[in-house]
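Everything numeric in this text was worked out from a predicted model, so none of it was measured. Note that these values count all heavy atoms, side chains included, but never hydrogens, waters or copies made by symmetry. Residue numbers start at 1 and run along the sequence shown.
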Amino acid sequence: MFWDLFRKYLAIFISVGIFLVSSMFVLGTNIYYSQKIAESAVSINLSGRQRAMSQRISKALMLVQDNMLRGQPQEAELRELAFAVNIFDTTIKGFRDGDVVTGGDGNPVFLEQVETEEGHRIVRDAYEIWNPFLIRLQPMLRSPDFSIEELEDAVAYMRVNNVPLFNLMNSLTFELERIADQRATILYWVQVGGLMVVLLNVLYTVFISITGLMRGDRDLDRARKETGEILGTVREGLFLLDRDYRLGSQYSKSLRSVLRRDVFPEMPFLPVLEEMVSRDAYDNARDYIELLFGDRVKEALVTSLNPLNQVEVSGKEGEEPRYLNFNFHRVLEEGKIAHLLVTVQDVTELVELTAQLDAAKGQSRVEVEVLLKLLNTDASVLRQFLDNVGKGLAQINERLRSEDDSEQARLHLLNYIMRIVHGIKGEAAALNIEMFEGYAHGFERELVAMREKGEVRGEDMVRITVLLDGFYERLASITNIAEKMTGSGGGGDADEKYLQTFTDSVHNLVSRIADDERKEVAVVCDLGDIVRLPRRIANELNSITIQLLRNAVKHGIEMPGERRAQGKPAGGEIHVECKEVSRDEYEFAVRDDGRGVSSAKIRKELVQKGLLSEKDANALSVDAVMLYLFEPGFSTAEEADRDAGHGVGLDVVAERIMRLRGHLTLNSKAQAFTEFKIRFSL
């Protein structure tokens with residue numbers, strides 16, 4: 001079958017192939033020569049700079065000599081000389097060998113090695129002059145305590161060779177400009193050639209299209225003869241109805257089985273219909289058919305009024321009810337309505353499936369409504385959460401569309417999506433919205449599995465799209481109900497409500513995680529100043545708080561027995577504080593009295609995960625070790641669950657702090673405390 005299809009559309013395949021090959025060739029050539037022209041621009045710029053540098057060296061050397069004879073200071077002239085010599089020397093080596101040099105803007109840039117024989121000759125001749133000159137300049141470059149004889153020797157050599165060296169750099173510039181012109185010419189003719197190929201391909205495509213249309217006209221007559229055969233095989237019931245409401249002479253073979261009635265040419269249709277449907281449906285159908293045969297009403301305007309759309313029909317005694325779908329379409333002859341083309345389909349299974357789906361949707365809506373009734377959440381905070389979810393999903397969707405298809409780009413995209421999903425999961429957990437938290441956790445687990453494979457494939461991107469659609473469905477469901485709740489939250493101070501909801505979410509999250517971990521944890525909040533912040537910043541702090549609380553309960557606070565053995569109370573304590581330390585400058589801190597952060601444990605994880613050798617891990621400073629806590633995918637948890645182990649939490653914290661343009665300080669003492677302190681300014 002594939003071979004037959006290929007032979008049938010061989011000309012089109014050839015046309016498409018020519019287009020793709022020529023486009024790829026032109027595109028590849030454009031990219032290659034554009035890059036080469038860019039490299040030529042860098043080379044021309046730096047060769048021009050070489051001319052200037054040769055003069056700067058001469059000028060600086062003369063000033064050094066003049067100041068030495070006058071007994072004046074010469075530090076500035078020596079620095080200028082050293083700078084110009086370094087730039088000239090590294091650049092000429094770059095022309096000779098190809099290397100990274102200092103560009104015209106002071107940033108590193110790769111300098112392409114000269115390609116032509118003439119270019120090699122110029123650079124070789126310049127090097128023969130420059131190398132002895134560089135040797136004579138060394139006493140002045142190494143130390144300010146050089147002799148007058150050494151200086152005069154360098155000046156004498158410069159006077160003889162300055163002009164030849166300048167001319168060689170000038171010749172190099174002209175040679176590089178010639179190479180750039182040559183590359184531009186090649187690029188021009190490639191583009192012209194590509195355009196000609198595309199034009200010829202278009203003409204070829206038009207030719208084969210016209211040929212195909214002519215062949216189609218011949219096939220049309222043959223198709224008319226085959227219509228009868230089609231009527232014999234089509235599964236739907238098809239027939240023509242005339243103005244006397246009688247069947248035409250041609251109808252599909254399946255009509256008998258669909259109607260479960262005997263059918264014959266010119267059979268009256270209305271008596272058969274009257275036997276099958278209810279009285280109301282029959283009366284409405286008769287009026288509808290009469291309306292379709294009239295000339296005053298457009299067919300498109302009355303299609304939605306069809307009373308025989310998924311109509312229930314009666315069968316023989318003991319048979320289950322069936323549903324048929326009658327569709328009517330006008331058939332015009334010379335602009336006048338001659339017949340109605342009637343299509344009859346048995347849609348019993350479709351109706352039953354639709355009913356099942358409606359029931360399932362209804363059940364889902366009931367579950368969501370019950371869930372929202374249980375939420376003890378300020379409506380404004382709930383709307384903010386839904387807005388954050390919508391923005392996060394939109395950001396993921398945008399990156400999925402715009403990201404390139406390289407392996408490295410997919411891995412970066414995966415980490416980006418994990419941060420957003422983990423943030424949504426944390427906010428949902430704080431608000432006790434299990435529908436979002438559970439789905440986000442499942443989403444996150446699949447992302448972790450993709451990352452751990454070490455290879456992100458195209459089908460993984462498709463799976464992410466499917467998971468994203470599931471998130472959108474849940475967001476739409478809960479958003480509709482949240483909109484119904486708008487305005488039902490009552491009065492009261494908005495700041496007070498926000499602070500209360502923020503504090504309640506902190507307590508709820510800590511309580512839930514502590515119960516899961518079988519730990520005793522109390523949380524103390526001093527967040528009065530948080531209401532003075534813009535809501536955007538307060539919401540960022542809310543996300544940071546969620547991640548740090550998870551980290552504190554999961555990693556910091558010890559089990560009750562372990563705490564008692566250390567002479568601590570069985571229950572741990574976490575302090576969350578936000579205060580204004582100076583005008584428009586705030587400090588936010590989360591501190592626990594747990595086991596502290598173990599740099600030794602982090603080093604061990606780095607070695608076990610193959611990120612560093614044992615020697616390199618032990619060589620790291622404590623601050624450098626702590627930085628790995630914020631790396632995507634790094635975690636010290638022994639196993640992953642919905643609160644830790646995926647290496648995302650502190651990665652999210654780092655990203656949020658960057659949004660605040662804040663500064664993070666991590667303080668920790670073994671078996672005593674861990675404190676994350678964030679300072680930021682408005």
Side-chain angles (χ1 to χ4, degrees), residues 38-115 118-177 179-180:
E39 291 173 354
S40 293
V42 172
S43 299
I44 292 169
N45 180 44
L46 294 184
S47 67
R49 188 182 67 180
Q50 287 294 85
R51 295 181 298 188
M53 284 299 166
S54 68
Q55 300 309 302
R56 287 177 67 174
I57 292 170
S58 300
K59 180 179 178 181
L61 193 60
M62 295 295 292
L63 289 174
V64 169
Q65 183 186 39
D66 185 61
N67 288 350
M68 187 174 187
L69 293 174
R70 294 182 181 184
Q72 295 179 354
Q74 46 195 354
E75 289 82 6
E77 288 74 18
L78 288 174
R79 285 195 299 271
E80 168 67 8
L81 178 64
F83 170 80
V85 168
N86 179 61
I87 292 294
F88 190 95
D89 185 57
T90 55
T91 304
I92 198 169
K93 288 179 180 177
F95 279 120
R96 185 187 65 182
D97 305 320
D99 201 354
V100 176
V101 302
T102 302
D105 58 357
N107 294 319
V109 64
F110 183 81
L111 180 58
E112 180 186 23
Q113 181 187 27
V114 291
E115 296 180 351
E118 178 62 14
H120 282 298
R121 183 195 66 76
I122 294 171
V123 172
R124 186 171 57 251
D125 292 345
Y127 218 79
E128 289 177 0
I129 295 174
W130 170 249
N131 204 38
F133 191 19
L134 181 61
I135 293 172
R136 288 172 169 80
L137 291 171
Q138 289 305 311
M140 279 67 75
L141 300 176
R142 285 196 300 265
S143 170
D145 299 322
F146 52 86
S147 66
I148 185 64
E149 290 78 14
E150 293 172 328
L151 176 61
E152 289 178 349
D153 182 41
V155 171
Y157 186 88
M158 177 268 294
R159 291 182 186 278
V160 174
N161 294 285
N162 181 44
V163 173
L165 186 61
F166 177 88
N167 291 336
L168 285 170
M169 293 299 98
N170 209 35
S171 299
L172 179 60
T173 302
F174 293 147
E175 178 64 11
L176 293 173
E177 289 175 347
I179 294 172

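- Contacts classified as ring pair (Phe, Tyr, Trp, His ring centres under 6.0 Å) and involving residues 141-164 (residues at least two apart or in different chains) are given here: Phe133-Tyr157.
- Evaluation of the salt bridge (Lys or Arg N to Asp or Glu O under 4.0 Å) rule for Arg136 yields Asp153 as partners, not counting sequence neighbours.
- Asn161 meets the side-chain hydrogen bond (donor to acceptor under 3.5 Å, both in side chains) test with no other residue; sequence neighbours excluded.
- Annotation for Thr173 and Gly48: closest pair OG1-N, 3.7 Å, computed over non-hydrogen atoms.
- Pairs of residues two or more places apart, or lying in two chains, never qualify as ring pair (Phe, Tyr, Trp, His ring centres under 6.0 Å) while including a residue from residues 51-75.
- Under the salt bridge (Lys or Arg N to Asp or Glu O under 4.0 Å) criterion, Arg142 pairs with no residue, sequence neighbours left out.
- With sequence neighbours excluded, the residues forming a side-chain hydrogen bond (donor to acceptor under 3.5 Å, both in side chains) with Glu80 are Arg56, listed by chain and number.
- Across Pro164 and Ile129, no two heavy atoms sit closer than the pair CB-CD1, 3.9 Å.
- Here the closest non-hydrogen pair linking Asp89 and Ile92 is O-CG2, 3.2 Å.
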Exercise. Would Leu172 and Gln50 satisfy side chain to side chain contact (heavy atoms under 4.5 Å, CB included), going step by step from the backbone distance to the final call?
Worked result: CA-CA 10 Å; Leu172 179 60; Gln50 287 294 85; 5.8 Å; no
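- Listed by chain and residue number, nothing satisfies the side-chain hydrogen bond (donor to acceptor under 3.5 Å, both in side chains) test with Gln138 (two or more places apart in sequence, or in another chain).
- At least one side-chain heavy atom of Leu81 sits under 4.5 Å from a side-chain heavy atom of Ile57.
- Using a 4.5 Å heavy-atom threshold, the side chains of Met140 and Leu151 count as touching.
- Residues passing the side chain to side chain contact (heavy atoms under 4.5 Å, CB included) test with Val163 are Asn167, sequence neighbours excluded.
- You'll find the side chain of Val114 stays beyond 4.5 Å of the side chain of Glu175, heavy atoms only.
- Inter-residue side-chain proximity for Ser43 and Leu111 is flagged as met; some heavy-atom pair is nearer than 4.5 Å.
- One N or O on the side chain of Gln113 and one on the backbone of Arg96 form a donor-acceptor pair closer than 3.5 Å.
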Problem set entry | side chain to side chain contact (heavy atoms under 4.5 Å, CB included) assessment of Glu112 paired with Val42 | CA-CA 8 Å; Glu112 180 186 23; Val42 172; over 6 Å; no
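- Within the 4.5 Å cutoff, the side chain of Thr90 has no heavy atoms near those of the Thr102 side chain.
- Sorted by first and then second residue, the ring pair (Phe, Tyr, Trp, His ring centres under 6.0 Å) pairs with a member in residues 43-93 read Phe88-Trp130; sequence neighbours excluded.
- Residues Leu137 and Ala154 come closest through the heavy atom pair CD2-CB, 4.2 Å.
- Proximity of Val109 to Val101: side-chain heavy atoms (C-beta onward) are separated by under 4.5 Å at one or more points.
- Listed here is the closest heavy atom pair of Ser58 and Asn162: OG-OD1, 2.9 Å.
- For the atom pair Glu115 CD and Ile179 CD1, the distance stands at 6.0 Å (nearest 0.5 Å).
- If you take OH on Tyr127 and CG on Leu134, they are separated by 7.5 Å, rounding to the nearest 0.5 Å.
- Counting only residues at least two apart or in different chains, salt bridge (charged side-chain N to carboxylate O under 4.0 Å, His left out) contacts with residues 58-78 comprise Asp66-Arg70.
- The minimum heavy-atom distance linking Leu141 with Ala82 is given by the pair CD2-CA, 3.6 Å.
- Note that the CE atom of Met68 and the CD atom of Glu152 stand 8.5 Å from one another [nearest 0.5 Å].
- Applying the salt bridge (charged side-chain N to carboxylate O under 4.0 Å, His left out) rule to pairs touching residues 97-109 yields nothing, sequence neighbours excluded.
- The side-chain hydrogen bond (donor to acceptor under 3.5 Å, both in side chains) test applied to Asp125 returns Arg121, not counting sequence neighbours.
- Contact check for Phe95 versus Ile122: no side-chain heavy atoms found under the 4.5 Å cut-off.
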